2 protein chains.
Amino acid sequence: MTNAGASSSDNPSRDAILDAAVASFGRLGYHGTSIQRIATDVGLTKAGVLHHVGSKEGLLRLVLTEMYDSGTMDIMAETIRDERPSIPTMWRRVVAFNNRRPALVHMFSTLSAEAIDPEHPAHDYFATREHDIVATALNINWNVPDGVDVEKLLRAGFAMMDGIQLRWLRTPGQDLTAMWADCENVLFPLPQWEGYR
Amino acid sequence: MTNAGASSSDNPSRDAILDAAVASFGRLGYHGTSIQRIATDVGLTKAGVLHHVGSKEGLLRLVLTEMYDSGTMDIMAETIRDERPSIPTMWRRVVAFNNRRPALVHMFSTLSAEAIDPEHPAHDYFATREHDIVATALNINWNVPDGVDVEKLLRAGFAMMDGIQLRWLRTPGQDLTAMWADCENVLFPLPQWEGYR
DNA sequence: GTCTATACTGAGATAGAC
DNA sequence: GTCTATCTCAGTATAGAC
């Protein structure tokens, strides 16, 4: 992958619309985004954009399922296939992946806060996603030190990652993987995790 | 305080406007909030609302400084006065406080994601706040076990709290203090933190 | 596949009456 | 302190020509 997180199909206008939508949903949220803005960004009129995506909600759905979802679940699947599945390794993979697609992480962060509102068109998407990720992870036979509560660790760690990504995006020029490395010392303290990282 | 986080002065209309603004900024973000919406909520016209707050940006400033800031800094000040300042205790206080003002936490979560955008009217507020909180906390002589990196722990813990609050708000009926208690087992693992919690 | 034109609704802000 | 009225601009969406 050369253009981290960017869309690519045989429809250039559609691809440009989705990329512009990721940027606008991230900066301005769903409510702050207008079809006119997307249209101007890609050099079309409003009607031209709506021909491709149907409606503003249709655009949101497209962007979440076609852009953000691709990749994340692959990491979980890859981890399941490991001989000794490691939580630190899984999160390192997620962080390395997200480090290369800041625009999509930005969109995810903005929308996931906006979608706390039960009326938000992406509310169900985020509620379901959160549940599914933890449920999937809990079915893995993790290689962890004795006495570790896997469910609590998973919930705490995913929460921490959300907060770290927010801080990463707020201050430009930082490296997400370096910030996460500092978190690892808190989440997986030595000597308890010696040999498990 | 009986009405957790609600405003109170000698100006009922102004108070109602600020309370309605907290709710709307939380649900819809700054961009999604309209003066008309606030006006309808409090039984005024747009012109009536603007008489009190000047402009939409003025309303945002008022709500951040008069509503959200009050209280949070008091907890830090209280902690400084403790004989043996404890990070777990400070965070327990913050969580107990926030547990009683969900509307303000909702506003904070939504705006802090929206304000990643450098052009957002609250961008500087959040960037400065984040820096100041860590800087203030680093000046406290914390009572922690040997070998703990205080700065990394503070950054990691505040990030985790943001993520936990997001999850708390997303699924109604949960208790924030209980969710945080689970996090404590991850942030302050026993036996290392025995006697330091 | 993209356009123009149009319908309808709502935004933020100001002036000035009461 | 609150109103009505008005200005200017932008929003989503549809119909229909090309």
Side-chain angles (χ1 to χ4, degrees), chain A residues 7-64 66 107 110-111 114-115 117 119-123, chain B residues 7-64 66 107 110-111 114-115 117 119-123:
Chain A
S7 60
S8 61
S9 72
D10 56 355
N11 191 331
S13 277
R14 209 183 102 112
D15 292 348
I17 289 168
L18 294 191
D19 289 342
V22 168
S24 184
F25 285 149
R27 284 183 35 124
L28 306 171
Y30 177 77
H31 298 301
T33 292
S34 67
I35 301 289
Q36 176 62 69
R37 179 186 193 86
I38 310 277
T40 303
D41 283 354
V42 302
L44 291 180
T45 60
K46 291 187 277 186
V49 170
L50 287 168
H51 166 75
H52 287 280
V53 302
S55 69
K56 195 178 168 183
E57 282 202 28
L59 176 58
L60 179 65
R61 268 191 301 273
L62 279 178
V63 126
L64 285 174
E66 291 194 19
M107 183 186 74
T110 302
L111 291 180
E114 212 181 23
D117 176 14
E119 310 288 317
H120 192 284
H123 177 81
Chain B
S7 59
S8 61
S9 73
D10 56 355
N11 191 331
S13 276
R14 209 183 102 111
D15 292 348
I17 288 168
L18 294 192
D19 289 343
V22 168
S24 183
F25 285 150
R27 286 185 34 128
L28 306 171
Y30 176 77
H31 298 300
T33 292
S34 67
I35 301 289
Q36 178 62 67
R37 177 183 195 89
I38 311 276
T40 304
D41 283 355
V42 303
L44 292 180
T45 60
K46 288 188 283 184
V49 170
L50 286 169
H51 166 76
H52 287 281
V53 302
S55 68
K56 196 179 167 185
E57 282 203 29
L59 176 58
L60 179 65
R61 268 191 300 275
L62 280 177
V63 126
L64 285 173
E66 291 193 20
M107 181 185 75
T110 303
L111 291 180
E114 212 181 24
D117 176 15
E119 308 288 317
H120 192 284
H123 176 83

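This is a predicted model, so every value here is computed, not measured.
- The shortest non-hydrogen separation linking Gly26(B) to Thr110(B) is O-OG1, 2.7 Å.
- In this structure Asp117(B) satisfies the salt bridge (Lys or Arg N to Asp or Glu O under 4.0 Å) test together with Arg27(A), sequence neighbours excluded.
- Considering only side-chain N and O atoms, His31(B) lies nowhere under 4.0 angstrom from the phosphate OP1 or OP2 of dA11(C).
- Counting only residues at least two apart or on different chains, the side-chain hydrogen bond (donor to acceptor under 3.5 Å, both in side chains) pairs with a member in residues 30-51 of chain A are Ser24(A)-Thr33(A), Gln36(A)-Thr40(A).
- Arg14(A) pairs by the side chain to side chain donor-acceptor pair (under 3.5 Å) definition with Glu66(A), not counting sequence neighbours.
- Inter-residue side-chain proximity for Ile17(A) and Leu44(A) is flagged as met; some heavy-atom pair is nearer than 4.5 Å.
- Identified under the side-chain hydrogen bond (donor to acceptor under 3.5 Å, both in side chains) test for residues 52-62 of chain B, with sequence neighbours left out: none.
- The stretch residues 11-27 of chain A has no heavy atom under 4.0 Å from DNA chain D, so no residue of it qualifies as close.
- In this entry the distance linking NE2 of His51(B) with C1' of dG1(D) reads 5 Å, nearest Å.
- In this structure, CD1 on Ile35(A) lies 5.0 Å from CG on Leu50(A), to the nearest 0.5 angstrom.
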Contact letters for nucleotides 4-18 of chain D, in which S counts primed atoms plus P, OP1 and OP2 and B counts the base, heavy atoms under 4.0 Å:
B------SBBB----
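- To the nearest 0.5 Å, the span separating CZ on Phe25(B) from CG on Leu111(B) amounts to 7.0 Å.
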